[in-house]
Visitor: 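This is the structure, below, for whatever I ask next.
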There are 2 protein chains.
Amino acid sequence: MFLSQTFAALADPNRQKIIKCLKRSELPVSAIAQNLDITLATLSHHLDILRRADLVSSRREGRQIFYELNLSVADELLEGVAKMFKTGK
Amino acid sequence: MFLSQTFAALADPNRQKIIKCLKRSELPVSAIAQNLDITLATLSHHLDILRRADLVSSRREGRQIFYELNLSVADELLEGVAKMFKTGK
DNA sequence: AATATAATTAGATACACATCTAATTATCTA
DNA sequence: TAGATAATTAGATGTGTATCTAATTATATT
């Protein structure tokens with residue numbers, strides 16, 4: 001199942017907090033870090049997992065790396081979940 | 001986060017298959033087992049996780065135990081996911 | 001009561017994952 | 001070109017999880 005990776009990515013509370021941070025706007029890693037009580041290394045790891053699940057994208061700007069939500073994937077997720085439980089097929 | 005348990009429960013491919021089985025109708029464990037390539041013990045474990053996440057319910061009927069999907073929780077999940085990504089607190 | 005059937009529970013194992021510290025890469029500035 | 005800042009990568013550790021076999025519980029049948 002392709003949704004497995006997405007669900008696994010969303011299952012961690014720290015990654016949910018990251019997503020919440022990014023709801024309003026894109027942010028550099030250092031800004032995200034201020035909302036979580038983990039090291040930068042651990043945060044980097046979580047961002048990597050979110051990126052591989054295609055839930056966020058990143059771009060470099062100078063020394064900083066900005067992360068933003070991929071809202072299109074969020075839509076696909078909603079569709080997937082709906083289909084998962086809706087009868088028919 | 002309360003959604004973490006739900007996401008974790010849905011992240012496993014075998015548990016997704018179980019949910020797919022139960023979409024059409026409730027089923028006894030032995031019937032679910034025919035669709036998965038795992039032992040009954042492992043299946044029991046997966047059903048336990050789905051039940052603790054409130055995604056399924058069970059009832060005994062003679063020697064068999066029937067499992068069924070909790071569709072109301074599926075609706076809550078959809079809401080939760082939508083809120084998770086929709087802008088505005 | 002003894003046996004068969006349906007499922008769960010116990011115990012063990014192997015692998016994945018969240019986390020940390022320390023080291024490394026990349027960019028900017030003095 | 002040093003030195004400082006921003007983030008990732010490497011390596012280690014403890015915990016959690018998916019899986020199995022074997023044992024146990026619960027119900028039905030003979």
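Since we're looking at a predicted model, the values are computed, not measured.
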Visitor: Looking at A:T42, I'd like to know whether one of its side-chain N or O atoms comes within less than 4.0 Å of OP1 or OP2 on C:dA18.
Guide: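 So the side chain of A:T42 is outside the cut-off, no N or O lying under 4.0 Å from OP1 or OP2 of C:dA18.
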Visitor: Consider the side chain of B:H45, meaning its heavy atoms from C-beta on, and name the nucleotide among D:dA18, D:dT8, C:dT21 that approaches it most closely.
Guide: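 Of the options given, the side chain of B:H45 lies nearest D:dA18.
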Visitor: Pick base, sugar-phosphate or nothing for B:R51, based on heavy-atom distances below 4.0 Å to the nucleic acid.
Guide: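 B:R51: no heavy atom of the nucleic acid under 4.0 Å.
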Visitor: Consider the side chain of A:S30, meaning its heavy atoms from C-beta on, and name the nucleotide among C:dT8, D:dC20, D:dA7 that approaches it most closely.
Guide: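 That would be D:dA7.
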Visitor: Regarding B:D48, tell me which of base, sugar-phosphate or nothing describes its non-hydrogen contacts under 4.0 Å with the strands shown.
Guide: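 The residue B:D48 makes no contact with any strand.
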Visitor: Taking a hydrophobic cluster as the set of Ile, Leu, Val, Met, Phe, Trp and Tyr residues connected by side-chain heavy atoms closer than 4.5 Å, whether directly or through intermediates, do A:F66 and A:I49 fall within one such cluster?
Guide: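 Hydrophobic grouping puts A:F66 apart from A:I49.
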Visitor: Quick one: on DNA chain C, does A:R63 or A:L43 contact a more 5' nucleotide (nearest heavy atom)?
Guide: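 The residue whose closest nucleotide sits nearer the 5' end is A:L43.
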Visitor: From C-beta outward on A:I38, which listed nucleotide comes closest to its side chain: D:dT8, D:dT21, C:dT19?
Guide: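 Output: C:dT19.
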Visitor: Of the nucleotides C:dC20, C:dA26, C:dA6, which has the atom closest to the A:R60 side chain?
Guide: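 In terms of side-chain proximity for A:R60, the closest of C:dC20, C:dA26, C:dA6 is C:dA26.
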Visitor: Is any side-chain N or O of B:H46 closer than 4.0 Å to OP1 or OP2 of D:dT19?
Guide: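 It does, given that an N or O in the side chain of B:H46 lies less than 4.0 Å from OP1 or OP2 of D:dT19.
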Visitor: Considering every strand and a 4.0 Å limit on heavy-atom distances, what is the contact class for B:I65: base, sugar-phosphate, or nothing?
Guide: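 If one applies the 4.0 Å heavy-atom cut-off, B:I65 turns out to touch the sugar-phosphate alone, with no base involved.
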Visitor: Between B:Y67 and C:dA6, is there a contact of a side-chain N or O with OP1 or OP2 at under 4.0 Å?
Guide: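 No.
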